[in-house]
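For reference, the structure discussed in these notes is given below.
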Amino acid sequence: MTVTARPGDPIITPALVAEHGLTTDEYDRLVAMLGRTPTFTELGIVSALWSEHCSYKHSRPLLRTLPTSAPHVLQGPGENAGVIAIGDGMAVAFKIESHNHPSAVEPYQGAATGVGGILRDVFTMGARPVALLNSLRFGSLDSARVRYLFAGCVKGIGDYGNCVGIPTVAGEVVFDPAYEGNPLVNAMCVGLLKESELMRAVAQGVGNPIIAVGARTGRDGIHGASFASEDLSEGSDAKRPRVQVGDPFTEKLLLEASLELIHSGHIVAIQDMGAAGLTSSSAEMAARGDVGVVIDTLKVPAREEGMTPYELLLSESQERMLVVAKKGREEQVRAILEKWDLTAAVIGEVIAEPVYRVVEGDRVVAEFPGIRLVTDCPTYEPEARESDDIRRRRERNVDAIAERPKEVDPVWTLEELLRSPTIASKRWVFQQYDHTIRTSTVIGPGGDAAVVRIRGTDRAIALKTDCNGRYTYLDPREGARIAVAEAARNVACTGARPMAITNNLNFGNPKRPEVYYQLREAVAGMAEACTALGTPVTGGNVSLYNENPSGAVYPTPVIGMVGLVESLAHVTRSAFSTAGDTIVLLGDNTAEIGGSEYLQRIHDTVAGHPPRCDLTAERKLIDALLEAIREGAVRSAHDTADGGLAVALAECVMMDRACATGAEVDLGKWSSLPLRALLFGEAQGRVVVSTPDPQAVLATAARHGVPASTIGTVKHSGSLDIRIGGHRLKASVPSLAEAYHEAIPRIMQRSASAQDVALTSDAVV
Amino acid sequence: MSRYRVAVHVAPRRGLLDPQGKAVADALHSLGFGGVADVHVGRYLVLDVDARDETEARAETGRMCAQLLANPVTEDFEIASVSRP
Amino acid sequence: MSRYRVAVHVAPRRGLLDPQGKAVADALHSLGFGGVADVHVGRYLVLDVDARDETEARAETGRMCAQLLANPVTEDFEIASVSRP
Amino acid sequence: MTFGIVTFPGSNGDYDALRAPIEALGEHAIYLWHKDHDLQNVDVVILPGGFSYGDYLRAGAIARFSPIMREVVAHAERGGPVVAFCNGFQIACEAGLLPGALLRNASLKFVCAPISLRVERTDTLFTSGYEQGQIITLPIAHGDGRYSADDATLERLEGDGQIVFRYAPDPLQAAEAYNPNGSMRDIAGIVNAQGNVLGMMPHPERAVDPLLGPADGVALFESILNHVAV
Ligand SMILES: Nc1ncnc2c1ncn2[C@@H]1O[C@H](COP(=O)(O)OP(=O)(O)O)[C@@H](O)[C@H]1O
Ligand SMILES: [Mg+2]
């Protein structure tokens, strides 16, 4: 069929091509593929599908190197979400997704719609969402703008998840000037399904109708995908009309209707209309099924009058799905949607001819040969070179940094670290998230990882996101290895075997050699760790161009880990609970302070080698810990992370403010180490355990070749008392608790009213 | 200095999705108010402002709207009235 | 039948705690708007209504307010304006 | 005995409300669809938590017009027990089943936390399983929980003993800020004058399994079972 330009469409000029983010080379490829000049509609389609966000053109070759298979992986990367089997015929679908750019412009709606999108990715697999997580990065809370972004994102995440009724059970929040102007907002969703109910988004069956479901299409978010593929600049402000508004109420209806549709057997495929909207959902489903499709834009329910095919195809209006139904079942599909007060419109069909065709009534406005629209996108492996500046920072001798006078009193240092917003309690955040709905949250936010039970079984899943961007900045490979290892350790501390990960690669502009170096190294590190720990990658998301004129964010490969608790009896919490229990340290202390929160917070320094990550040791540690837990020997387990051993011990005695304890600890065994490294260094592979049966824990550790030492006793003394040779640190638990629990509320009080006001516009007032 | 009572309307920008307006319109329809075509829900603020004169009260309130009372990304505002309380 | 655009104000009854109004006032003060004495925050609804004439549009909207748009326990409403869209 | 849990568009606590009587009491529970006109002979109606109609306009304002609400009101008028949790409480107030209104939390923030309550009445069909003055812990999770009513209504509630639960300081903890939403007179839950409709912001239906925390909600369901046993 012949493609004709629509009257009134702009003429294709080099300037227009550039505006659409295509390079000259890419444009030439397009012309070669079509054998002619594209129409305006076609240019729009390609600009969206070949955007970084949709095509992964700078990351795909790297992502191919990740380990993705294992017997329990039912669905690896490439689908809406990854799926793993967890026994008893049950499976878990999970995925993480970024909404960094939208959140920088409009934090409330940006973060909220991020949650909406990731929920849809999971329920379109046939899974019922049972948990949400989020991983957030902001600049320093000293800035009013940052407080506004932080408060807005948290409220957006909360309002959306709360309204749909999915508990938000875990996550992380990090504050660092590196994220000033470029907040990172990653949301993860986890769903449960029966293995037999797994649904894939593969268009099939010539003659099957393609149905648009859910909200009407408006002009919002047009070109969001390409927007997410650019640096944030002055010009970004002008792009504000692209903001999308979320409607969690419609999402809830869509969730129930989609699951009912999938279970009804009336449909063959379903996919969220996410980034690049109708275009990407239809093209991707067609490509996966290796079939042709035709879409008639006149049939797409529009919210506004006079919308062009270009706009209808590229709109990112939220809460919409694309369904391929079985031919002849249109009425049944419509009936299910009507029950949930949703509309459905047949907008196209699967065809035998291998083309991707868009018509507007009688006129063909776009036509691409077969699946080449998706597969012809070029990939790039740009030059990679480490930044000299970063290398110099890493090589710097941080041990030579002189102590500040106040550090004479390590309690001062400890409280200063506990007050650091990155370490301090995030209760201010997660109190705004409903984490008890669905009555399955065995461990909610505030522990090492969340634990969500699986009703009808004795099992549970453990969930956590993790990444230390400072480590990855100083050494991308080591940093990414640590991110995986720490996520695994957190999950293991709750009694779960780490099973698989999803990941979100948040990086700067890959065309800069130093950024592409970070990306390449981080992916390599992630692959090494996932292989060593037996946790394949089932999916993820790449967000590049997280830069503004003053530079890129820290390379931040966020890991979303899923673990399996085989019996509810194994569920383990992180705080000390019982006076008289023995405190055992699994793993060993070292003299490493490079890249630590201590250097950042106390010395305003980002330098040195991040701690070494020994993956073999990490694996043994996890095995030993899980075995000790299964033996019933472990009362509590908490890994050491930001702020090191002293912070971990402080957290153990007061993270649960209502049942604070105390402890007497003797670290004399390590008195030859520099005191600050022992207390605040962030050596990897360590877990603080409290136990009524230390002999059993020590024996199990020995069997696995894991160093283990008895370091103290849990007390109800109200103080944390640490002796190291001749040194003694005695901290009052209420005062530690005050530092840890009040830090963020106190900062946010400064401007709490301002954000609440600026946010009252939002739906849930 | 005198005191002025300034009323402000803040409304979701037309063209952006207004889920609240849509839900209210649907509810009104099902209550039998068939003649309702379209509903938008925004905020109505009443501020007591000290200013030299009405013009200043209006200008000052405009600045408050731009800085705080309306979200420049998603909302439009207008000063609906200025009166003496 | 013609189409009318009816604007409605719904405000929390004076005397009830208005935490939002207070938050707005505090925030304005901290932004340096010292001349603001008092703020109240309510809802502003704009409805497009088909009616025979303005009087009917007004009356019909009044009924919507009484039934749904305002909560008689805590809120007052007023029809702010009726115009042709 | 059968509990009927109404599912409105946007209800999301319906699942927990369904599971609680089944798992804690071994009784029956079914969903009731908002478009239906039939309560299917259930003994107790539960209006569950969630965000019916997205809580757009005002929490509970739109849901009260659902077809099934006419039957729920009739059931209540016949003396049938109705339990309304969270969004259900908001709907019940909007529908006139209970006096007053639930406004936005004074903090302007959604709050999810365990909270201490004092049981003010044990002579209701919902609370006979508790002890007078007992301090219990239940989860809350809401953004619009500030109970408000005019003085005359509040006096009537006090005088007639309709205030069943109040937010109260936990004796083991600091007393400050125990009222999580700014409710007048610390009101967390009330019954109607006839005593057969209970509305409360906290979630007893989320507190029936010790695996998840204090199971202080069980006694509420047991109280109902003992009174309504069939
Ligand atoms: N954005 C968030 N959303 C939900 N829970 C969070 C969030 N940020 C932190 N938390 C919770 O706070 C606790 C501490 O988080 P974090 O400091 O990242 O722990 P760790 O150092 O063990 O990785 C965890 O239980 C985590 O799930
Ligand atoms: Mg941890």
Side-chain angles (χ1 to χ4, degrees), chain B residues 1-12 14 18 20-53 56-57 59-70 75-81 85, chain C residues 1-12 14 18 20-53 56-57 59-70 75-81 85:
Chain B
M1 279 295 189
S2 322
R3 177 154 296 181
Y4 294 88
R5 181 157 288 176
V6 187
V8 174
H9 292 162
V10 180
R14 298 260 161 163
D18 178 5
Q20 182 157 222
K22 185 173 171 303
V24 173
D26 290 349
L28 288 170
H29 291 157
S30 64
L31 284 178
F33 294 103
V36 180
D38 205 15
V39 181
H40 290 272
V41 183
R43 263 167 301 135
Y44 164 61
L45 295 105
V46 181
L47 300 93
D48 285 355
V49 179
D50 291 330
R52 264 194 310 263
D53 53 27
E56 195 193 77
E60 186 78 347
T61 309
R63 282 189 289 274
M64 298 182 206
C65 288
Q67 279 192 47
L68 181 76
L69 304 180
E75 295 175 325
D76 293 317
F77 66 87
E78 73 182 348
I79 295 180
S81 66
Chain C
M1 279 296 188
S2 323
R3 179 155 295 183
Y4 294 89
R5 182 157 288 175
V6 188
V8 174
H9 293 161
V10 179
R14 295 256 164 162
D18 178 6
Q20 222 174 317
K22 186 170 173 309
V24 176
D26 290 350
L28 287 171
H29 292 158
S30 71
L31 285 176
F33 293 103
V36 181
D38 203 15
V39 182
H40 289 270
V41 182
R43 250 188 298 276
Y44 165 62
L45 294 104
V46 181
L47 299 92
D48 285 356
V49 179
D50 291 330
R52 266 193 311 262
D53 54 28
E56 195 192 77
E60 185 79 344
T61 310
R63 280 188 289 274
M64 298 181 208
C65 290
Q67 272 194 54
L68 175 70
L69 304 180
E75 295 172 327
D76 295 315
F77 67 87
E78 73 182 345
I79 294 181
S81 67

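FYI, side chains are in, hydrogens and waters are out, and symmetry mates aren't considered; it's all heavy atoms of this structure. Sequence lines set the chain letters: A, B, ... in the order given, protein chains first and strands last, and positions in each chain run from 1.
- Legend: residues meeting salt bridge (charged side-chain N to carboxylate O under 4.0 Å, His left out) with C:Asp18, ordered by chain and number and at least two apart, are absent.
- Taking B:His40, B:Met1, B:Arg63, B:Gln67 one by one and counting their heavy-atom pairs under 4.5 Å with chain C, the maximum is reached by B:His40.
- C:Asp38 pairs by the salt bridge (charged side-chain N to carboxylate O under 4.0 Å, His left out) definition with nothing, not counting sequence neighbours.
- Formation of a donor-acceptor pair under 3.5 Å by the B:Arg43 side chain with backbone atoms of B:Leu69 is found in this model.
- With respect to chain C, the highest number of heavy-atom pairs below 4.5 Å among B:Val49, B:Asp48, B:Thr61 belongs to B:Asp48.
- Ring pair B:Tyr44/B:His9 is tilted by interplanar angle, where 30° to 60° counts as tilted.
- The contact between B:Arg3 and chain C is made entirely by side chain atoms (from C-beta outward), counting heavy-atom distances below 4.5 Å.
- Looking at C:Glu60 and C:Leu47, their side chains never come closer than 4.5 Å, going by heavy atoms from C-beta outward.
- With chain C as the partner, the residue from B:Val39, B:Val6, B:Val8 showing the most heavy-atom pairs under 4.5 Å is B:Val39.
- Only the side chain of C:Leu68 has a heavy atom closer than 4.5 Å to any heavy atom of chain B.
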